[in-house]
Asks: 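Below are the C-alpha cells for one structure; questions will follow.
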Amino acid sequence: MKIVKVLLGNRSYNIFIGCGILSEIGSELLRFNFSQRIVIISNPKVFSLYGSIVVDSLKKVNFEVSSLIIPDGESYKDYFWSYHILSELLSRGLDRNSCLIALGGGVIGDITGFVASVYMRGINFVQIPTTLLSQVDSSVGGKTGVNHPLGKNMIGTFYQPRLVWIDVDTLKTLPMREFLCGMAETIKYGIIWDEDLFKTIEAERLNILGLSQSHIGDVIKRACEIKAHIVSMDEREAGLRSILNFGHTIGHAIETETSYSRFLHGEAVAIGMSLEASLSERMGILDKVSVLRIKSLINSYGLSTELPPDMDLEHLIKHIEIDKKRENGEIKIIIPERIGKVRIKKIPLEDVRRYFEL
Ligand code: NAD
Ligand code: GLY
C-alpha cells in the first residue's frame, strides 16, 4: 500500500493507494472516532460492482451501514439530488459525528463532499474514487460542488475528506473511454509539474494501457503527490492551484459549445492542452519540439489534439470571453514554458481574440 499525505494542518489526511484494498476500508475507519452510522453514497452501476465489498468490510468491524443510491450521470449532480440526500440523512438520524462514503467517480465524490460540508455544518466524509479521473484529481483537494442550470460546478464548497482510499483494481471494470479521460488529466500533471512523470507516461504506454497495476499505481501515486503538494500550498486557489486548470480554458469552451454532450471532460481537456501548448509556442514561450511531444503523447493515448472541423471558432472565443476565470477584465490562462513547468498568464479581454485565433 502506498500512502500520500495531504498537509493541511488539522485538516490533513492520507491518500491510500493499493490493489484489492476495498475490503480493508472498515478496519482503517476504526482508527477514527466516527459514530457507528455510515452512509455510502453511490450510483447503481458502481454500487452493484463494489458496494457489497465495502458494506461487508464495514459491517465486519460493527459499523451500522446503509446506502443511498442516486442515478448515474452528471445531470444528477445538482441541487435537487443534494437536497434529496440531505433529507434522507436527516430522516436516517445521522449525527454530526457520522460519516459519509463517496463510492464512485467524480460525480459521486463532488455531490457527497458538498452534502457532507453542509449537513449539520459539516460531517466526516471519505472518498473511494473508482474512475482514474477521480483517483488522480477530483477526490483530492476538497473542491466539492453541484451544477446549476446557469453553470457547471457553480454551487460548492472547499471541504476536505478525512481520507481517500484508492483501489487500483476498480479500474478493471472502467470503460476504456473513461480511463483515457483520466489519462488526459494525468498527462496534465507531467506538463505542469513533472517532466519525469511525462517521460514515464511516454515510456510505459503499453503497460499503462494494458492496466499493469504496478505501473498505474505508481502513476496515480505521483499524480496524487503533485496535487497534494499544490493543494497544501494553495488550498483555495488564490494563485498556484490555478495551474491545475491547464488545458481547461479551451477545454471548457469546447464542452460549453457542445452542450457537454459530445466530449467527455478529459477529451475536451486533451484538445485544450494541445491548443494551449500551440498558443504558448506562438507566444514564443514553448519550443516546437515540446509542442510536438505533448501532442504526440496525447494522441498516443487515443485522445484528439485538434478541434473538430465543424466547430465554430467564433463561438469558442465567445465562451472563453465569458469563462468564469475572467477576473477584473482579464482571462487567466496557464501556459507551458517547458514540459514540467507552466506560468500563469493574464490576457486582457480585448486581446483574447488575437491570442485565440487558433
Ligand atoms: P463520473 O463520476 O460520471 O464516472 C464516469 C462513469 O464511469 C459513470 O457512468 C460511472 O458510473 C462509471 N464508473 C465509475 N467507476 C466505475 C468503475 N470502477 N467501473 C465501471 N464504471 C465506473 O465521471 P468522472 O470522470 O469520474 O468525474 C467527472 C466529474 O468530476 C465531473 O462532475 C467534474 O466536474 C468532477 N471533477 C471534480 C473535480 C474536483 O476537484 N472536485 C476535478 C475534476 C473533475
Ligand atoms: N481540478 C482542479 C482542482 O482541484 O483545483
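Numbering of ligands and ligand atoms starts at 1, following listing order. Only heavy atoms go into these numbers, but all of them, side chains included; no hydrogens, no water, no symmetry mates. We count residues from 1, following the sequence as given.
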Asks: Under a 3.5 Å distance rule, please check whether Arg162 uses its side chain to pair with a backbone N or O of Val126 as donor and acceptor.
Replies: no

Asks: Mind listing the side-chain donor-acceptor pairs of residues 18-27 below 3.5 Å, one per line with the distance, residues two or more places apart or on another chain?
Replies:
{"unit_1": "Ser27", "atom_1": "OG", "unit_2": "Glu24", "atom_2": "O", "d": "3.2"}

Asks: Let me check something: do Leu240 and Phe158 share a hydrophobic cluster, defined by ILVMFWY side-chain heavy atoms less than 4.5 Å apart, either directly or through other members?
Replies: no

Asks: Once rounded to the nearest 0.5 Å, what's the spacing between atom CD1 of Ile187 and atom CD of Glu202?
Replies: 9.5 Å

Asks: Hydrophobic clustering (ILVMFWY, side-chain heavy atoms < 4.5 Å, transitive) - are Leu206 and Ile201 grouped together?
Replies: no

Asks: Could you give me the CA-CA distance, side-chain angles and deciding distance for Thr157 and Ser117, then say whether side chain to side chain donor-acceptor pair (under 3.5 Å) is met?
Replies: CA-CA 7 Å; Thr157 53; Ser117 71; 2.9 Å; yes

Asks: Put together the list of close N/O pairs, under 3.5 Å, between ligand 2 and the protein, could you?
Replies:
{"unit_1": "ligand 2", "atom_1": "1 (N)", "unit_2": "Asp137", "atom_2": "OD1", "d": "3.1"}
{"unit_1": "ligand 2", "atom_1": "4 (O)", "unit_2": "Lys227", "atom_2": "NZ", "d": "2.6"}
{"unit_1": "ligand 2", "atom_1": "4 (O)", "unit_2": "Arg241", "atom_2": "NH2", "d": "2.7"}
{"unit_1": "ligand 2", "atom_1": "5 (O)", "unit_2": "Lys143", "atom_2": "NZ", "d": "2.9"}
{"unit_1": "ligand 2", "atom_1": "5 (O)", "unit_2": "Arg241", "atom_2": "NE", "d": "2.7"}
{"unit_1": "ligand 2", "atom_1": "5 (O)", "unit_2": "Arg241", "atom_2": "NH2", "d": "3.3"}

Asks: Hey, which of Phe16, Tyr13, Tyr50 is the one that makes ring pair (Phe, Tyr, Trp, His ring centres under 6.0 Å) with Trp165?
Replies: Phe16

Asks: May I ask you to decide whether Lys221 forms a salt bridge with Asp218, counting only side-chain N to carboxylate O separations under 4.0 Å?
Replies: no

Asks: Under the rule for salt bridge (Lys or Arg N to Asp or Glu O under 4.0 Å), what residues qualify as partners of Lys345, not counting sequence neighbours?
Replies: none

Asks: Ligand 1: which protein N/O atoms lie under 3.5 Å from its N/O atoms?
Replies:
{"unit_1": "ligand 1", "atom_1": "2 (O)", "unit_2": "Gly106", "atom_2": "N", "d": "3.1"}
{"unit_1": "ligand 1", "atom_1": "2 (O)", "unit_2": "Val107", "atom_2": "N", "d": "3.1"}
{"unit_1": "ligand 1", "atom_1": "9 (O)", "unit_2": "Lys45", "atom_2": "NZ", "d": "3.2"}
{"unit_1": "ligand 1", "atom_1": "9 (O)", "unit_2": "Asp72", "atom_2": "OD1", "d": "3.1"}
{"unit_1": "ligand 1", "atom_1": "9 (O)", "unit_2": "Asp72", "atom_2": "OD2", "d": "2.8"}
{"unit_1": "ligand 1", "atom_1": "11 (O)", "unit_2": "Asn43", "atom_2": "ND2", "d": "3.0"}
{"unit_1": "ligand 1", "atom_1": "11 (O)", "unit_2": "Asp72", "atom_2": "OD1", "d": "3.1"}
{"unit_1": "ligand 1", "atom_1": "11 (O)", "unit_2": "Asp72", "atom_2": "OD2", "d": "2.9"}
{"unit_1": "ligand 1", "atom_1": "15 (N)", "unit_2": "Thr130", "atom_2": "O", "d": "3.3"}
{"unit_1": "ligand 1", "atom_1": "15 (N)", "unit_2": "Thr130", "atom_2": "OG1", "d": "2.7"}
{"unit_1": "ligand 1", "atom_1": "18 (N)", "unit_2": "Thr130", "atom_2": "O", "d": "3.0"}
{"unit_1": "ligand 1", "atom_1": "18 (N)", "unit_2": "Thr170", "atom_2": "O", "d": "2.9"}
{"unit_1": "ligand 1", "atom_1": "18 (N)", "unit_2": "Thr173", "atom_2": "OG1", "d": "3.4"}
{"unit_1": "ligand 1", "atom_1": "19 (N)", "unit_2": "Thr173", "atom_2": "O", "d": "3.3"}
{"unit_1": "ligand 1", "atom_1": "19 (N)", "unit_2": "Thr173", "atom_2": "OG1", "d": "2.7"}
{"unit_1": "ligand 1", "atom_1": "26 (O)", "unit_2": "Gly106", "atom_2": "N", "d": "2.8"}
{"unit_1": "ligand 1", "atom_1": "26 (O)", "unit_2": "Thr131", "atom_2": "OG1", "d": "2.6"}
{"unit_1": "ligand 1", "atom_1": "27 (O)", "unit_2": "Gly106", "atom_2": "N", "d": "3.2"}
{"unit_1": "ligand 1", "atom_1": "32 (O)", "unit_2": "Glu74", "atom_2": "OE1", "d": "2.6"}
{"unit_1": "ligand 1", "atom_1": "32 (O)", "unit_2": "Glu74", "atom_2": "OE2", "d": "3.1"}
{"unit_1": "ligand 1", "atom_1": "32 (O)", "unit_2": "Lys77", "atom_2": "NZ", "d": "2.8"}
{"unit_1": "ligand 1", "atom_1": "34 (O)", "unit_2": "Lys77", "atom_2": "NZ", "d": "3.1"}
{"unit_1": "ligand 1", "atom_1": "34 (O)", "unit_2": "Lys152", "atom_2": "NZ", "d": "3.0"}
{"unit_1": "ligand 1", "atom_1": "34 (O)", "unit_2": "Asn153", "atom_2": "ND2", "d": "3.3"}
{"unit_1": "ligand 1", "atom_1": "41 (N)", "unit_2": "Asp110", "atom_2": "OD1", "d": "3.0"}
{"unit_1": "ligand 1", "atom_1": "41 (N)", "unit_2": "Lys143", "atom_2": "O", "d": "2.8"}

